[in-house]
Structures are given as C-alpha cells and as structure tokens.
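Have a look at the structure below before the remarks.
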Amino acid sequence: MTTTDTTGRMTRSGNAVLGAVRRATSQVPALGLVALLAIMWMVASFTVPNFASAGNVGNILQQSSDLVVAATGVMFVLLAGGIDLSIGSVYGIGSVVLSGLVLGGVEVFLAILIAVTVAGVAGFVNGVLTHYGRIPSFIMTLGMYYVLFAVAQILSNGQTLNLPPGTVLQTLARGNVAGLPITVIVAVFAAVVAWLLLNRTVFGRRLVSVGLNPEASRLSGIPVGPVIVGAFVLSSLFAGIASVILTARVQSGTPALGGLDSNFEVITAAVVGGTSLFGGRGTVLGVVVGALIIRTIGNCITLLDISPLLYQAVMGSLILIALIVEAIRTRQEVS
Amino acid sequence: MATVTPLLRASGIDKYAYDDNGQAIRGTTVQLLHAVELEVEGGEIHALIGENGAGKSTLIKVIGGAIPSEAGTVELGGEKVRFGSSRDARRQGVSVIWQEFSLAPKLTVLENMFLGEEPTVAGRLDRATMRRRAAAAFARLGVSLPLGAVVASLSTSEQQIVEIAKALDRDARLLILDEPTASLTSVEAERLFAVLHELRAKGLGIVLVTHRFDEVFEMADRVTVMKDGRTTGVHTVAETTREELIEQMVGRALESYFVRPKAMAGDAILEVDRVTRGTAVRDASIVVRTGEIVTLAGLVGAGRTELCRIIMGADRAATGAVRFDGQDVSRWSIARRLAAGMAFVPEDRKSQGVVLAMSVRRNIGVRGWLRMRRGPLLVPRRERELARRQIDNLRISVNSPEQLASTLSGGNQQRVAIAKWMEPAGRLYIFDEPTRGVDVGARRALYALIAGLVEGGAGVLMVSSDLPEVLGMSDRVYVMRGGAIAAEVPIAEASEQLLLGLMLPAHDNAA
C-alpha cells in the first residue's frame, strides 16, 4: 500500500537508529536472549556463591550439552507445527539399547549407532502416523512415549544396566579434546548441523514454509509429507544422541533416563529460545541459549541449596512467560 | 435539491500518513486523504469507487469514527458531529460493516447483536429485551435467522445480515458497507441487494464501497469516484458511463484495457478426459493448447475451482483422466505435476497463493530451491538473485526482498504468487480468478503478463467470473454449470448475453 511505502521512506534519521535496532532484533530475535543469558550470568556471579568459579561454568556447559542437542532436535518438529512428547522415553530406549549392547560385548561405536538408529525409527513412525495417518502429533507422540517406555522396561527387565568402568563411553563423558569436554563439542557440532539444515538446505526452507502455511506450501509443489516425517526423524535422532550423552554421564542404562520431566524440559528450552508452538518460527541460536538459560537456573538452584521442587515451578513459569512473550510478539505483527 | 440538508456531508477531510513512530507525515503528495468530499442523501444508495489505495477505506474509517482526521468536518443531518470511536459513531446512527466482520464466531447471533453493549436488569443480562430487539431488527430487514445459532455456523452472507441487524438495532441512519459482495456468491449478493433496497425504501442512507461496476450501475443512485486520496467525480448513475468512471479512477482513458497475446495455438498441452469428482465436477472434458488462453466461465459453485484442483493434483478425480503433454498424469502427485511444468495461481492468495509470514525472497524462491544447491547446501545468493530478477520482471513494489509477504498490498501479493512460477517457466499456467480484488491499473499489468506467458509458448487456463475479462482475454471459453461443461464457445461467437445464458441454470431443472 502507498501508506507503508511512504512511511518507510519518510522515516527520519533520528529514528533510523531505533529502526535499525528493531530490524536487527527482528531478524536475529536470539540476540535478546543472548543478552538475557549474559545478564543472568553477571547477576549470578555476584549473588550465587561459587557460581563464577571456572569449574562451575564448565559444569554448566557440560550439563547443558544433552539439553542443547535434544532441544535443537525438537525445534524441527515445532517448526513443522507439531509437537514431540516422546523424547522422554526416546532417552530411555536409547539408553537401554546402548547399555544392553555394550554389556553384551558390542563395540561401543556400533552400539551408539544402533541406539541412535532405533531412536530415528521411532521418529519415523511418529512422522508417518502423524502426517499420513492424520493423528494429531500431540496424541501420536504421547502414545509413542508410553510404548517406548514399556519396551525399554521390558528390554531392561526393569533394572538399571550399570556399565562396566573403563569403556569408551566413560571417555566420552569425562574426556576433553583441546581443553573442551567432548560432550560440549558434540553439542556444538549438533547445533551447527541443525543450523545448516535449517538455513542452508532445501529441507530447512521447505520446513519453515510448511510450518507457516501447509496448504500454500503444498500448492507450491512442496512434498509436505516427507518434510514433516523428516522433522520427526530429526527430533528423535537428536534425542537419541542426547540419550547417548546422558547415558555416558550416568554410566548406566535406565528406561527413566533424564527423569520423568525431560519432555517438558526439552520443549521448555525450545520455547524459551523463541521457537513458536504454532509452527514456522525458531532459530538454532535461540534454542541453544534457551537450553543454557534453563541449565543456568538449575545450577543456581543447586548452588543455593534450594528445594529442587522449586526447579519445576521455575520451569513451569518460564514456559508460560515465553508463551506470553510470543503472544505479544504475534499481536504486534498483526497490528 | 440543493436546499435540502443531506443526511451526511463530509467535507474538506484531510488525513495524513504516519511513520513507524506515530509521527504524522506532512506534505500533499503522501497525504492519504486530501480535502475529500462525500455527500449522501437519506434514501439513496451511494457507491464509492476507486482503485486500491485511492483512500476509500481511509475515508469510511474517518466517517465511521475508527480513526480521526486532521482536518474537515462531518455533518449528520446538518449537525456537526465528531465520533471518538466506532461505537460512538454507531450510537449516533452511523454504522460501518467492514469486510472483516467484528463478530465473535463462537457466540450466538443474539449474543453478537449486543456484544459489549448488553442490556441488563439489575446487573444481569436482560435476555428478553435482547430477543425482542433482535427480532425487531430482523423484521425490519425482512429476514429471519435463528437467534440461538452460533455465528461460526452461518454463511458469510448471513453473518453480514447479523452485522446489518446490529446496526439497525442501534437506529442506524447511515449504513456504510465495505465491499460487501467480495466474498458472496451471486445468489447471496442478490439477497443482500434486496435487503439494501428495503432499507433504502425506509429512508436510510447507504454507502456502498465496491470494485464492481455492475454493482454501481445496478444498485446505486449516485456514485463518488476517488483517486489518490482525492474526490475526482460525483455522478448520478443514470447519467454516467463505465468509461467515464474508469477515466476518473485511473486518470486516463483506457483504450485497450485487455492485452491480447500475439500467438498461434499449437499442440494440446492439457487434455482433461471425462473427469468426475462427486457432484462438484461431473464428466468434464476440456483441452488447452500451447499459445492459447482458455477460460472457464460460470457461477460461483459451478465446479471451476474444483476442476482446476483436479488438473493440478490437489484433489483426485473418481473417474476420468488428466493428460499433460500427452502423458497420463492422473496418478501423479502435485509436486510431480508441478515439476513437469504445470503452474497454479490459486484464487485465495492470502491463504494459498503466498505464505504471508515468509519473506518475499523465499516466496519467490520456493520453486527454485532444488536448483540453488551446491552439493547438499543451498546457496542463498542464488535465491536473492532470483528474487531481484522477478521483482524487476513483474514490477513488484517492495522496499526489500526480505519484507514479509504480509506487508504487501493485494496486487503485489498476487504478483509474488505468480513470480514463483516464472523460473523455470511453466508450460501450463492455471489462474484462478487472477484479478479478483486487484485494482484497474494493476489488472492491466496482469493481463500483459498473462499475454507474455502465452507468447512464450505456454498454455493458459483461467477461471474468471468477470465476463468482460473472459471476452477480452480468451481464445476459447468453456462454460461450467453444476459441475459439468455446459458448452464450449469460440471467442468469435461469445457475448456476455450468450455466456450468461449458458451459466445460469435452466428453468426446468433449477437447482
């Protein structure tokens, strides 16, 4: 419309700075989150005892690695406009398969490959039944959660599968390369791969388009089904990798790996990181920072020796705040 | 006549545009409204026409109290009025029925009639009064609707009636309708017009904002023309012509409004053979050749869009075959048909033609992504280049290719919806109502574009409800009626009367 053209052109130089800031934050919405994380760290380093110690910061990064991987994975499903509630027991099945195979004498890397593949198959089933079976992803993945949990229970006979000391898995959890913990390197690698997938592949372009408007995408020739299945597979693959990291950390396989709230934690990290639950909007950087914010809060709660029950309350509040922020942002766009 | 005080007199209305920070931008070239005049008598239907962006919507927003103006006066029945809000205006007898209704879809008709202004007795809803007042309003309209029905279950036209009833309940003296027939079928439009005639007879003043000349000539007593935020003409409808109105809308006479391609029909690119899908499409066969424009004429609901969706693969036919370039593509997916050279520009551009929340660049790039790869990765530079080329090629007015498609005007969104099909060029373009809601100037550009496609060797299948457009653009016309192809008419034999006669259901088997 002529009005927008003219207003655009007439913006005065005094306001140009403000406009530039607004444009920058609108194109990289994660910048605000990075600032938020920085502020949290600064405040915590003055108020929380031992927070600023070098060991603790490394600790936070290391503890964030599994969440970073799983949350960037679930971002793909959220971008497609769906949700993945099966992650909690993808952790479990991955962990039990991995530990069982290692205990049975299978080479660790092969065991990892198989565990992650099993996770990927679960995602494939999620995607196929969601799209082609027209089951809402909410129901589909919740069902998958229970199925996988039961299978993991059966496979492990309801027992914790303790790994023998001295395997490569122990090195993965504790080892460093060039001064960086291996798990952190894995998380960074996963985030970079996710970024490339989202921003530099046809799949990523199609995924965003499908998430924003499936019908218009279909009529433009985008194969919607494969895109959606791909998103679910990625979510589960990434959850599988996160499961390997967690299993290595605790050195045992259990169906309840990561705790019963892990679904919620992963989705909270993605949403706090600015991923929309309505599809099409989300950035890898945002999700990574979202995961760090959550682990920072957890870390502070531990250091301050407050009841861990508070952690759940904080998680719940965080996801609500994130949703309110998103609602406000969407409203501004509309008006 | 001159001595009688008009029902509404808006004069000297100025309205500035605002920048991002809410500062008014001054200067006559960018003013949204410039000393605009509008006079409406009681008991008349007054059409307000102009291209998109001419200021019609802004003017009715000012008159309806939705936004303030910088200068000018509004008089109602000779008294100067100043409305602080739409509700304020409605209470004083001026109601605007916007294109986007303000009804709450999940509430009932009755609840919507009084939403936010419910009559109460001792703090409780006075349902008896609500029901009585609603019944009275519908009685004045001569229409009955179930008051307990949920609004979402009503058709668009019925929702419109609810809005009008709401206005009548507030004793509207002036009713302003913003393109009321844009989303109505022709039967529904007729019903609306009957209601408006009834209200005119009761002395209401009615302002009808419209894009359609036939509505002006059928319905209105007088017409005000706007262009670039100014009033360029006021006429008694009986004394003006379509040509005069167009000239005042665009500021120049349109000698050749339509653009005929200079091309010869070649081989058949599309053959639809006895396709049937439920009752929507019945035993339909058509042929489109390269180098020709074929239109599907017919009433809304005749099955034209449904046939197009079957051709491009969005829906499946129960029986029959679709052949594209000699190959049977009936079992192919949409993606495969489009990859083979079909292109589809749907009717509803906002929900199907473009992805509103995505940038212009990505909207244009969607067909080319696979070819922008180096190894597994996509090279964004190639997408930017493609977007720039097509923005220039189709003269899409954008500030930047990074702009979201939602920020563009309707005509520009339509161009984006077309731009994605330019590289690689399609061999069959299917346009569903390509010029609906597009203003006169932009229409001509679209016609030129379509002609260019045909000259480039593509075939075009166009759905159009605009008969002059059908006659002006096509080489052959298929008329659809009740899901079937009622006739194939070579353009040399076609006339508005003939086509209309074929489109309307026959008397003996009226549906």
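Proteins get letters first, then strands, A, B, ... in listed order; numbering begins at 1 in each.
Within a 6.0 Å radius of CZ in B:R316, other residues, nucleotides and ligands contribute more than 12 heavy atoms. Counting heavy-atom neighbours within 6.0 Å of A:Y132 OH, excluding the residue itself, gives a total above 12.
For a residue to count as touching a neighbouring chain, one of its non-hydrogen atoms must lie under 4.5 Å from one of that chain's; by this rule B:V379 does not touch chain A. Heavy atoms closer than 4.5 Å to chain A are found in the side chain of B:L338, but not in its backbone. With a threshold of 4.5 angstrom between heavy atoms, B:R309 approaches chain A through side-chain atoms but not through N, CA, C or O. With a 4.5 angstrom heavy-atom cutoff, B:L377 touches chain A via backbone and side-chain atoms both. Heavy atoms closer than 4.5 Å to chain A are found in the side chain of B:M312, but not in its backbone.
Using a 4.5 Å heavy-atom threshold, the side chains of B:K350 and A:N213 count as separate.
By number of non-hydrogen pairs under 4.5 angstrom with chain B, the leading residue of A:R205, A:R206, A:R200 is A:R205.
Taking OG of A:S209 as the start and CZ of B:R362 as the end, the distance is 9.0 Å to the nearest 0.5 Å. Here B:L378 contributes atom CG and A:L196 contributes atom CG; the two are 11.5 Å apart, rounded to the nearest 0.5 Å.
Within the 3.5 Å criterion, the main-chain N or O of B:A314 finds a donor-acceptor partner in the side chain of A:R218. Between the side chain of B:R367 and the backbone N or O of A:S220 there is at least one donor-acceptor pair closer than 3.5 Å.
The heavy-atom pair separating A:I222 from B:W369 by the smallest distance is CD1-CZ3, 4.2 Å. Taking all atoms of both residues into account, the shortest heavy-atom contact from B:A335 to A:G221 is CB-O, 3.4 Å. In this structure, A:A216 and B:S351 approach most closely via the heavy-atom pair CB-O, 3.8 Å.
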